[in-house]
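Whatever order the structure lists ligands and atoms in, that order sets their numbers, starting from 1. Everything numeric in this text was worked out from a predicted model, so none of it was measured.
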Amino acid sequence: MADAPAPRAAVSHGPPNPSAAPALHVAGLGKRVTLPSGELTILEGVGFEIARGDVVAIVGASGSGKSTLLSLLAGLDTPSDGNVTLDGATISTLDEDGRAKVRGDKVGFVFQNFQLLPSLTALENVMLPLELRGDDDAQSPAREMLRKVGLGERLDHYPKQLSGGEQQRVALARAFVTRPSLLFADEPTGNLDTNTGQAIIELLFAMNGEAGTTLVLVTHDDHLAARCHRTLRLDSGRLVSDETR
Ligand SMILES: Nc1ncnc2c1ncn2[C@@H]1O[C@H](COP(=O)(O)OP(=O)(O)OP(=O)(O)O)[C@@H](O)[C@H]1O
Ligand SMILES: [Mg+2]
C-alpha cells in the first residue's frame, strides 16, 4: 500500500510497553444524567490524547462541563459513553475498586475547595493516600513533602488551623506524595486571593516540573491557561478547540 501513511516511529520492540502509552487517551466520552424534567447531556463526543509530561489547560464557560470532564478523566466518576485510558489502564470499564486502585497508583487530584479531611492533621492528610494503597512507610515521604511545600513546622495542625493557601499547600503535598503519573487540578486557585493563588500556581508548576508529571488543569484564568502547553476548550459539553502553543 504505497499510499498508506507512514507508521509512527517504533520506539521499542518486543512486548507492548505500558510506558509507551499516552498519559491519557479519551474516546467518544459522554455523560448524561436523568433529571425529573428529562435527560440532560452534560458531555458529548469528547475525544483527545495527552502526551506524557504535557501541561494542558481545560477552559470554557461556567457550566460547559469542565469539572465533569475532569472527574471522568481521573476515574472519580463513570461515563455514560466512551472510554478513558489512563497510562494504559482503561478505567471506564473497571468497577469502583479497580478505579480506586488505578487512582491510588497513578492519579493526584487538587480541588478548588482543598477537600482535606477536617479530623486529620496536615501530616495525616498527606499520609492517607500512601496508607490507603498499603505503602509500608507513609510518614517519611509525607513529612518530606510537607517540608517541600513550606509546612514542615505545621505537621500537627488541623485544616481549620490553617489558612486557605496553607490548606491548598497541604493538598498539593497530598497530590504529589504518591508520585502520580497524572495530576488533575480543578480551579486550584478559585478560593484564594490573587497573591495567594499566584503562589500556589508557582508551587504547583515547580513541583510538577520537578516530578515530570502530566498536568491537566481546569481554569478560568487566561494567564494561567497561557502558561500551559496546550488548551482544550469546552462549549456546552463539546470539545470545540484544541490549541498547542
Ligand atoms: N450530577 C448532576 N446532576 C445534574 N446536573 C449536573 C450534574 N453534574 C453536573 N451537572 C450540570 O452539568 C453542567 C456542567 O457542570 P460542570 O460542573 O461540569 O461545569 P463547569 O464547566 O465545571 O462549571 P464551573 O466553571 O461553574 O465550575 C452544569 O449545567 C451542571 O449543572
Ligand atoms: Mg467546575
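Heavy atoms of A61 come nearer than 4.0 angstrom to ligand 1 in at least one pair. Heavy-atom separations between G65 and ligand 1 include at least one value shorter than 4.0 Å.
At a 4.0 Å heavy-atom cut-off, ligand 1 does not touch V218 at all. Proximity of L69 to ligand 1, defined as any heavy-atom pair under 4.0 Å, is not found for any part of the residue.
For atom 30 (C) of ligand 1, the protein comes within 4.0 Å by no heavy atom at all. Protein non-hydrogen atoms do reach within 4.0 Å of atom 16 (P) of ligand 1.
The main-chain N or O of L204 is never found under 3.5 Å from a side-chain atom of N208 such that the two would form a donor-acceptor pair.
Each of the following atoms of ligand 1 lies closer than 4.0 Å to a heavy atom of L35: 4 (C). Which parts of ligand 1 touch L40 is read off a 4.0 Å heavy-atom cut-off, strictly below it: atoms 5 (N).
For atom 12 (O) of ligand 1, the choice among L72, T41, I42, V33 with the nearest heavy atom turns out to be I42. Of the candidates K66, H220, E187, K66 brings a heavy atom nearest to atom 21 (O) of ligand 1.
A salt bridge links E96 to R99: at least one charged side-chain nitrogen sits closer than 4.0 Å to a carboxylate oxygen. Ion pair E124/R174 not flagged as a salt bridge, since none of the NZ, NE, NH1 or NH2 atoms sits closer than 4.0 Å to an Asp/Glu carboxylate oxygen. Using a cutoff of 4.0 Å between basic side-chain nitrogens and carboxylate oxygens, R52 and D87 are scored as salt-bridged. D81 and R32 are joined by a salt bridge, as a carboxylate oxygen and a charged side-chain nitrogen come within less than 4.0 angstrom of each other.
Some N or O of G63 is nearer than 3.5 Å to an N or O of ligand 1, by distance alone.
For atom 18 (O) of ligand 1, the closest non-hydrogen atom on the protein side is T68 OG1, 2.6 Å.
Residues L183 and T214 fail the side-chain proximity criterion, which asks for heavy atoms closer than 4.5 Å.
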